[in-house]
Amino acid sequence: MKTELTSPAFIAALVIGGAIVFAAPLFLETYDLFNFTVFAIMAMLAISLNFVWGIGGILSLGQALFFGLGGYAYAITAINLGSGWGLLAAIAVPCLFALIVGYVAFYGRISDVYFGVVSLTISLILYNFVNSTSDAFYTIGAARLGGYNGIPSVPPIQAPWAAQPLGFEAMYMLCALTALVFYLGVRLFVRAPFGRVIVAVRENDLRAELLGYDPRYHRLVVFAIGAAMSGLAGAFFAAWGAFIGPDTFSVSFAAQAIIWVLFGGLGTLIGPVVGALSVSWFTTWLGEVRLLDPNIALGLLFIISVLLVPNGMVPALRRVLERLRIVKERADT
Amino acid sequence: MEIIALSGINIVYAVASLFLLAAGLSIIFGMMGVINLAHGEFLMLGGFAFVLSVNAGINIWISMFVVAPLVVMVIGMVMERLIVRHLYGRTVETILATWGVSLLLIGVTSVTLGYQQLGVSAPLGSVEIGDYRVGGYTFFIIGLAFAVLAFLYAILRWSSFGLKARGTMQSASTAATLGVNVGYVYSATFGLGAAISGLAGAAFAPIAGVTPVSGLTYIGKAFITVIAGGPLPLIGTSTASLLLGFINAAVTAISTPVLGEIALLAAAILLLRLLPAGITGRFFRGGL
């Protein structure tokens, strides 16, 4: 733990990440800052999915549903009680939901593939459910669920001591800093004793169990933490756009999160962030130039990632760099 | 009396449609352990093939029983050859790759056919039960489900292909050493599953219409039925359809279809807590 905190890589990540977070507002226009905020939010979702899937080894294909749950929990609670309670609810509700689903799945020892499909199915059915709530009957306090129209005018985040809600710049800082904290937190987590057990469970759960660690309990903890992280990202998303809609439960959004992680490099620490940023930027750009239907682009990217770069871009680039270094060394000697 | 008959018909219809929607998926899953996430798009393509050929003037039954299954079978076999074949034994990668195919097919159909809903009015008129009328097509779906079950049972139980397929299912390496061309069996099984999905998609097109995303409305139910059924394609899927279809229809009758779907999911998750490998993971071992 101590060695990780003082390791050069960790300090470098801290410094570079901090520099990006604090320097960006100085150089960027408000519009770009607005877009960068959502990229930071997507990076948060990617880090949480990677935490559950890449590090915990849990095939959570429907991870994005916790993002949607967090967004809705924030919207409903913030409309009724204010944004502080909203953020708490956005962490607590997905976490609780994950504990229930995870308890049933992990303690029942459902196989990996079954779990993936079940989590995707939960997402699908939530999508259908939320879409069917346009009736005024589905009103919680002052918040109408609004069905396929979603919930408009979600309140922005406001610190309890401040007179004004967060502006564009402060919102960017909050999201980027949280993404950085997520990244560094996951980095520390895999080096900590509990994180090492998680990795052991991922690699071989029978062996971990024979050594006295309960894989069911460890999986449940990782799944719940990951859900809380996704939920917070969802809350930021709802506050950012002042809107949350059922599309956050849709299959294509779930697929996007999976592609970010897969494309960037599952299980690596920085890969999912790179994946989230590059793929979100790419799909935003595609939407602007209208060259290709986004579903076609995402589908192709998905297939290519699985077939051609199964480990993701970051490990692939690392291998290329390594090879170049070896070639250069040979040339030098 | 009429109410009882009507609810009975509704429940049998729910069970039958669940079985039809899941049958193609379960064949592929049972044989290869692969969850084909493009299953919904197979159903959607079957629906489109059916509607487009009916609109082109082809007889409605030929469109349903010949055109739709053939079209989807060809697409399925091409997909198996190009993508799935390279990933056998790597279940997670297969799931992800078929998910990519799913998005790709949605994208391609929305670009080529547009977003508007296409449909064909349901044939076969209606039947009167007391003061109520039930569409004749409802009975057709029920009959079709039984026919598909019987057809699949006959193929897997009595044909030489079925024997090889069951052998491959139990142990691919043993089947290969005994001279079975495993690659061919996989390809044919994938094609069979895709053809059944195409037929099911066509059968539901007159009821629900077809759009590029209409596969998404079916797959949740289909996945959960196959997972709850476990590894045996026919017994698993039919018992799971019976159980989940009953729950779905009963809850739908007293509330809304969406709550019926949620009840179906909740029941399936509870079932998996008790039988983590599905119904046929514990019972009916060695069946079909």
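To find a chain, count down the sequence lines: A is the first, B the second, and so on, and within it residues start at 1.
- With a threshold of 4.5 angstrom between heavy atoms, B:V101 approaches chain A through its backbone and through its side chain.
- In this structure, no portion of B:A268 lies under 4.5 Å from any heavy atom of chain A.
- With a 4.5 Å cut-off on non-hydrogen atoms, A:L307 touches chain B through its side chain but not through its backbone.
- The list of salt bridge (Lys or Arg N to Asp or Glu O under 4.0 Å) pairs with a residue in residues 225-234 of chain B, not counting sequence neighbours, is empty.
- The part of B:I95 that comes within reach of chain A is its side chain, from C-beta onward, which places non-hydrogen atoms under 4.5 angstrom from that chain.
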How far apart are the C-alpha atoms of B:L103 and A:L300, what are their side-chain angles, what is the distance that settles it, and do they pass the side chain to side chain contact (heavy atoms under 4.5 Å, CB included) test?
-> CA-CA 8 Å; B:L103 293 172; A:L300 284 177; over 6 Å; no
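- The CD1 atom of A:I125 sits 7.5 Å away from the CD1 atom of B:I262 when rounded to the nearest 0.5 Å.
- With a 4.5 Å cut-off on non-hydrogen atoms, B:L37 touches chain A through its side chain but not through its backbone.
- A pairwise comparison of heavy atoms in A:L124 and B:L216 identifies CD2-O, 3.7 Å as the closest pair.
- For B:L52, the side-chain contact (heavy atoms from CB on, under 4.5 Å) test picks out B:L113, B:L118, with sequence neighbours left out.
- Looking at heavy atoms from C-beta onward, A:L120 lies out of side-chain contact with B:I219 at the 4.5 angstrom threshold.
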Chain B to chain A donor-acceptor contacts, backbone plus side chain, under 3.5 Å:
from	atom 1	to	atom 2	distance (Å)
B:E261	OE1	A:N128	ND2	2.8
B:R273	NH1	A:Y107	O	3.4

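- Interface check for chain A: of the options B:A97, B:A277, B:P276, the most heavy-atom pairs under 4.5 Å are formed by B:P276.
- If you measure heavy-atom distances from B:L87 to chain A, the contacts under 4.5 Å come from the side chain alone.
- Heavy-atom distances place both the backbone and the side chain of B:L272 under 4.5 Å from chain A.
- For B:I207, the side-chain contact (heavy atoms from CB on, under 4.5 Å) partners two or more places apart in sequence, or in a different chain, are B:Y13, B:Y137, B:I141, B:F204.
- Highest contact tally toward chain A, considering only B:L259, B:L270, B:V108, is held by B:V108 [criterion: heavy-atom pairs under 4.5 Å].
- Between B:I269 and A:V101, the closest side-chain pair of non-hydrogen atoms is not below 4.5 Å.
- For the set A:I259, A:L301, A:L298, A:L61, the entry with the most heavy-atom pairs within less than 4.5 Å of chain B is A:L61.
- When each of A:L262, A:I304, A:V251 is scored by its heavy-atom pairs under 4.5 Å with chain B, the top score falls to A:V251.
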